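To start, the structure under review is shown below, and the notes come after it.
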Amino acid sequence: MTTAWETPAYETHAFFQKRTRYCVVIVIWNEGERIINQLRRMQPRSTMADIIIADGRSTDGSTHQDFLREMGVRTLLITDERGLCTATRMGLAYAIEQGYEGVITIDGNGKDGVEALPDFIKGLDDGYDLVQGSRFMKGGVHKNTPLERYVGVRYVIAPLIALGGFWYSDPTNAFRAMSMRFLKDPRVQPMRREFVRFNLQFYLIYLAAQLGFKIKDIPVVRVYPDDASIPTKIVSLHSKYLIIRELILTVLGRYSPKETA
């Protein structure tokens, strides 16, 4: 089996040397005050795991480099190639190249309780290959979750992803940790160019279960704004159609690496 490595072209702006065993990859694009406030909440924990920003070239001023340095961000990565999973691949590639032992991913739209970061680190330290955050399990908290999201995640996406062999109670939550043992396994190959929009998010947790990696759910907090706004780029019917399509293709094995002679 050949290993595909198709990293998007990107710029690297490093402010500090590698300081920790693990890193936190935050994928953003024009998140404005949401990412600014999130980084302020994360700053006291910036010595636990290096913070890496994977940006689709934001134009809203939220990635001013002096501010990022002040918040303890280690590196800002910027790509002009579009797609949530494209930016995620960029962050994962950088983490692998830099020799981190594991990666924690989190959205940059301010909904997640960053206080759970030590729990993800402990999961990696304890030998888990995938630690999935869940707002829906015992001990987790969710607030103002749109009804459409709640029903879709709990009664459509979770049952389909469970066909891989593990019941994730909150499979669309991007707050998760992954070991390098998992990410670098030749049966996984997450750097392929076919991961552009949403499919990598489903693929990683589905394949981790299917291949028998060590997995656990941990409780986290996810809070939507009280004003009923939904901080997300997934708003159109077309985007929602693509999510379901890519979910089904994941379960059917469409993205699994192909054996080659």
Side-chain angles (χ1 to χ4, degrees), residues 24-28 34 38 41-42 84-85 88 91-92 102-124 126 128-179 182-183 190 195 197-211 213-225 229-235 239-240 242-248 250-251:
V24 183
V25 172
I26 311 174
V27 175
I28 68 166
R34 293 187 291 267
Q38 179 171 322
R41 289 187 288 125
M42 294 182 72
L84 168 67
C85 292
T88 302
L92 295 180
V103 181
I104 301 157
T105 62
I106 185 172
D107 287 340
N109 52 24
K111 298 195 302 286
D112 295 297
V114 300
E115 300 77 16
L117 181 59
D119 298 326
F120 287 94
I121 292 173
K122 184 178 186 303
L124 291 172
D126 289 345
Y128 285 92
D129 296 296
L130 195 145
V131 183
Q132 175 65 41
S134 174
R135 71 195 118 166
F136 298 127
M137 69 181 296
K138 183 177 180 181
V141 175
H142 67 102
K143 181 180 178 184
N144 300 327
T145 305
L147 179 60
E148 177 189 70
R149 293 287 176 94
Y150 181 85
V151 172
V153 172
R154 300 285 280 163
Y155 301 110
V156 178
I157 297 175
L160 285 172
I161 290 291
L163 295 174
F166 184 90
W167 178 267
Y168 297 95
S169 54
D170 193 4
T172 63
N173 198 326
F175 203 177
R176 60 177 62 125
M178 294 165 286
S179 72
F182 168 56
L183 291 173
F195 296 120
R197 298 182 183 90
F198 317 109
N199 48 1
L200 185 60
Q201 306 300 320
F202 298 133
Y203 170 78
L204 288 171
I205 63 173
Y206 185 83
L207 207 64
Q210 192 176 56
L211 296 177
F213 282 93
K214 192 176 180 182
I215 302 169
K216 71 181 297 188
D217 267 355
I218 64 170
V220 296
V221 174
R222 174 162 276 208
V223 176
Y224 284 78
S229 63
I230 303 176
T232 181
K233 304 296 189 298
I234 305 170
V235 292
S239 294
K240 294 170 184 177
L242 289 175
I243 287 175
I244 297 302
R245 180 179 184 275
E246 293 183 349
L247 169 63
I248 292 171
T250 297
V251 173

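Owing to the predicted nature of the structure, the values given are computational and were not obtained by experimental measurement.
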Open item on the list: Does atom CZ (Arg41) have a neighbourhood of more than 12 heavy atoms from anything else shown, all under 6.0 Å?
Closed with: yes
Task: Residue pair Lys214 / Asp126: nearest heavy atoms and the distance that separates them - done: NZ-O, 3.6 Å
Open item on the list: Checking Val131 against Arg176 for the side-chain contact (heavy atoms from CB on, under 4.5 Å) test, could you report, in this order, the C-alpha distance in whole Å, the side-chain angles of both residues, the deciding distance, and whether it holds?
Closed with: CA-CA 5 Å; Val131 183; Arg176 60 177 62 125; over 6 Å; no
Open item on the list: Do Phe202 and Ile243 have side chains that approach each other closer than 4.5 Å (heavy atoms only, starting at C-beta)?
Closed with: yes
Open item on the list: Does the plane of the ring in His142 sit parallel, tilted or perpendicular to the ring in Tyr150? Use 30° and 60° as the thresholds.
Closed with: parallel
Open item on the list: Nearest 0.5 angstrom please: Leu84 CG to Ser239 OG, how far?
Closed with: 11.0 Å
Task: Pairwise distance CD1(Ile161) to OG1(Thr250) - rounded to 0.5 angstrom - done: 6.0 Å
Task: Any Leu130 side-chain heavy atom under 4.5 Å of Tyr168 side chain - done: yes
Open item on the list: Any salt bridge linking Asp107 with Arg34? Criterion: basic side-chain nitrogen under 4.0 Å from a carboxylate oxygen.
Closed with: no
Task: Ser134 side-chain N/O to Pro219 backbone N/O, donor-acceptor pair under 3.5 Å - done: no
TODO: Would you indicate whether the side-chain heavy atoms of Pro225 and Asn144 approach each other to under 4.5 Å?
DONE: no
TODO: Decide salt bridge (charged side-chain N to carboxylate O under 4.0 Å, His left out) for Asp112 and Arg222; before the verdict, give the C-alpha distance in whole Å, the side-chain angles of both, and the deciding distance to 0.1 Å.
DONE: CA-CA 5 Å; Asp112 295 297; Arg222 174 162 276 208; 2.9 Å; yes
- [ ] Look up atom CG in Asn109 and atom CD1 in Ile28, then write down how far apart they are to the nearest 0.5 Å.
- [x] 10.5 Å
TODO: Might you work through the ring pair (Phe, Tyr, Trp, His ring centres under 6.0 Å) test for Tyr128 and Phe213, ending with a clear yes or no?
DONE: CA-CA 8 Å; Tyr128 285 92; Phe213 282 93; over 10 Å; no
Open item on the list: What I'd like to find out is whether the side chain of Val151 reaches to under 4.5 Å of the side chain of Val156, using heavy atoms alone.
Closed with: no
Open item on the list: Can you confirm whether Cys85 sits close enough to Tyr203 that some side-chain heavy atom of one is under 4.5 Å from a side-chain heavy atom of the other?
Closed with: no
TODO: Take Ile215 and Asp129, measure what side-chain contact (heavy atoms from CB on, under 4.5 Å) needs, and give me the verdict at the end.
DONE: CA-CA 6 Å; Ile215 302 169; Asp129 296 296; over 6 Å; no
Task: Phe198 versus Leu242, closest heavy-atom pair with distance - done: CE1-CB, 4.0 Å
Open item on the list: Determine whether the aromatic ring centres of residues Phe166 and Tyr206 are separated by less than 6.0 angstrom.
Closed with: no
Open item on the list: If you compare all heavy atoms of Ile157 against all heavy atoms of Pro171, which two are closest, and at what distance to 0.1 Å?
Closed with: CG2-CG, 3.7 Å
Task: Point-to-point distance, once rounded to the nearest 0.5 Å, from OG1 of Thr88 to CD1 of Ile26 - done: 12.0 Å
TODO: Enter the distance from Phe120:CZ to Lys216:NZ here, rounded to the nearest 0.5 Å.
DONE: 10.0 Å
TODO: Could you tell me which non-hydrogen atom of Val251 sits nearest to which non-hydrogen atom of Leu160, and how far apart they are?
DONE: CG2-O, 3.6 Å
Task: Considering all heavy atoms, the nearest Pro190-Leu204 contact - done: CB-CD2, 4.1 Å
Task: Distance in Å, Phe175 CZ paired with Thr105 OG1, rounded so as to fall on 0.5 Å steps - done: 8.5 Å
Task: Ile106 vs Val24 side-chain heavy atoms within contact, under 4.5 Å - done: yes
- [ ] For residues Thr145 and Tyr224, report the shortest heavy-atom separation together with the two atoms involved.
- [x] CA-CD1, 3.8 Å
Open item on the list: Around atom CZ of Arg154, are there more than 12 heavy atoms from other residues, nucleotides or ligands closer than 6.0 Å?
Closed with: yes
TODO: Please examine the side chains of Leu163 and Gln210, heavy atoms only from C-beta on, and report whether any two atoms are closer than 4.5 Å.
DONE: no
Task: Validation row: Val221, Glu115 side chains within 4.5 angstrom (heavy atoms) - done: no
- [ ] Answer yes or no: is there an ion pair linking Asp170 with Arg135, defined by an N-O contact shorter than 4.0 Å?
- [x] yes
Task: Backbone N/O of Lys240 and side chain of Arg245: donor-acceptor pair under 3.5 Å - done: no
Open item on the list: When you measure from the side chain of Asn173 to the backbone of Gln132, do you find a donor-acceptor pair of N or O atoms at a distance under 3.5 Å?
Closed with: no
